[in-house]
Number of protein chains: 2
Amino acid sequence: MARNARENKAGPPARPRTRSAAKPAARRGRAADNSPYHHGALHDALLKAAERVLERDGLGGLTLRAVAREAGVSHAAPTHHFGDLTGLLSELAAIGFRMFNAAMVAANNSETHPLMKGMASAKAYVAFAQAHPGMYGLMFRNERLDMTRPSLHEAASASFAGLARGVGASRQEKIPGEELEALSLDQAAAIARAWSLVHGFTMLLLDGRLKDILHRMPEGTAPDRLLEAMLRSTGRPPGG
Amino acid sequence: MARNARENKAGPPARPRTRSAAKPAARRGRAADNSPYHHGALHDALLKAAERVLERDGLGGLTLRAVAREAGVSHAAPTHHFGDLTGLLSELAAIGFRMFNAAMVAANNSETHPLMKGMASAKAYVAFAQAHPGMYGLMFRNERLDMTRPSLHEAASASFAGLARGVGASRQEKIPGEELEALSLDQAAAIARAWSLVHGFTMLLLDGRLKDILHRMPEGTAPDRLLEAMLRSTGRPPGG
DNA sequence: TGTACATCAGTGAACGCGCGTTCACTGATGTAC
DNA sequence: TGTACATCAGTGAACGCGCGTTCACTGATGTAC
């Protein structure tokens, strides 16, 4: 039945497994460099490579093989470290959530007045997504994440707790951010409102859906300006 | 070099192109039915099949070949009608926008008081996304759409114009919905606010990110209830 | 009413691609003695 | 200090899959005369 062999299209059809003894041990068909057989810190290197691929080629381009290529190792190496694609994506998303949390904490600490804290956090939220659009999509579009992975679950929960805490602070009351604690309808509405606003704005912005609005505003308003005006407005008619 | 031939794995390796004269003309290896060679309305049938595939298997499962399978025609048939996958997706998204617009208009007409109109529209917006989650994702996540296609551009623009009109009505002022007309900062902020709120809520809901909140609310609050409370609240602290 | 012919819609085989996964193997590192 | 050996990280070939696209062909429909 002559199965196909795509991986050596141009080479000799069935090179024997034993390597030519004359070939130096350090040159093994990979890039003609001095890289050792063992990478040493491939786990982290693969995650860094994955982030580059994600931001360059988008979620669709983020495959095990693409990550291996980007890291300069054989395409089977990532499986060794992450099991499968979901494993890699989940660990990468966990890193994203940690970065995101750090940015939120920093923004929150940059202001003292509760309302200013809220504005600074919202700006930092959108800025993070603009700086890491691929990562933001990976984190919040959850296509192929395994949220039961401890590292990811923990980082994502911390991010939600931070959001709840922030909303509580701006309402000058304590909102339980930890799991299993109950929320009143008012508290839940406040959290959903803040998150929906900033998440919706972010998604529309990243997907280019706000272009229409921005183009029709006074002299090329920047997204930041629109965000600020949006958060300042009450959502009520001008007279009421 | 023995190229592989996947499409006839088990059959005779190279069936001659001329068919056996003994075989009746109507039975051609397709399903053993009486379906004629020409479908007659394949264009529409393919779009309907695509919608079924989209809602059943998600955006990732929506391929030209899957649509052809669902419609029961050869896998090369869709290319004939849509050119490529982007063409099919774009026409499908245009249909989605038209359905969406109709739902918005109906909701808007169902109430007379401006504030009630807004609430009804928001509920209809979320309800549409819940009823057609795949379609909503296709329309608003624009991964592979060609927004320059006239049919799609027109339907999407109409949808935006309707949104602007609705926001204007709730502010009891006219907001220019057509293209090229300018928006004040206040008007733009009001539109961005309404759209971000409802789009963000929808995306978080569809992606399961509101589960945490809903589970911690009084006795299994439905998403509708949370949406209502969210839209009613001012977003300001309780005392202010 | 019949007949030749152009046009069109749909078919099925084939090509080439990238992917995830498996597997025997290789080369380096660390450990026991 | 040396040596045998287990363990581990990474390799490269191979398999099978589904995909988009192309292409010669087929069968039906419509039109001119």
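Residue numbering restarts at 1 for every chain, and letters A, B, ... go by the order of the sequence lines.
Heavy atoms from other residues, nucleotides or ligands lying under 6.0 Å from CZ of A/R225 number 12 at most.
With pairs defined as Watson-Crick or G-U wobble and both atom distances under 3.5 Å, the stems of at least three pairs that touch DNA chain C come out as C:2-33 with D:2-33.
We find that NE2 of A/H81 is positioned 16 Å from C1' of C/dT21, with the value rounded to whole Å. Here C/dT22 presents its P atom at 14 Å from CG of A/L85, a figure rounded to the nearest Å. Separating the CG atom of A/D44 from the P atom of D/dA9 is a distance of 14 Å, rounded to the nearest angstrom. Rounded to whole Å, the distance from CG on B/L64 to P on C/dG10 is 15 Å. A straight line from CZ of A/R69 to C1' of D/dG10 spans 17 Å, rounded to a whole angstrom. As rounded to whole Å, 15 Å separates atom C1' of C/dA28 from atom CG of A/L42. Atom-to-atom, CZ of A/F82 to C1' of D/dG10 comes out at 14 Å; the value is rounded to the nearest Å. When the P atom of D/dC25 is taken as reference, atom NE2 of B/H80 falls 17 Å away, rounded to whole Å.
Nearest nucleotide to the B/S74 side chain, out of C/dT11, C/dG10, D/dG20: C/dT11. Checking D/dG20, D/dG12, C/dG12 against every side-chain atom of A/A76, the shortest atom distance belongs to D/dG12. Listed nucleotides: D/dG20, C/dG20, C/dG10. Nearest to the side chain of B/A77: C/dG10. Nearest nucleotide to the side chain of A/H75, out of C/dC19, D/dG20, D/dA13: D/dA13. Listed candidates were D/dG10, D/dC19, C/dT21. Nearest to the side chain of A/R65 is C/dT21.
Ring planes of A/F100 and A/F97: perpendicular class, angle over 60° (limits at 30 and 60°).
The residue from A/R56, A/K48, A/R65 that alone fulfils the side-chain hydrogen bond (donor to acceptor under 3.5 Å, both in side chains) condition with A/E70 is A/R56.
Applying the side-chain contact (heavy atoms from CB on, under 4.5 Å) test to B/E154 and every residue at least two apart in sequence or in another chain returns nothing.
For C/dA9, the OP1/OP2 oxygens have no side-chain nitrogen or oxygen of B/H43 closer than 4.0 Å.
For A/H43 and A/F82, the distance between ring centers is under 6.0 angstrom.
In this structure a side-chain-to-backbone donor-acceptor pair under 3.5 Å is present from A/E55 to A/M135. Judged purely by atom type and a 3.5 angstrom limit, A/S90 uses its side chain to pair as donor or acceptor with the backbone of A/D146.
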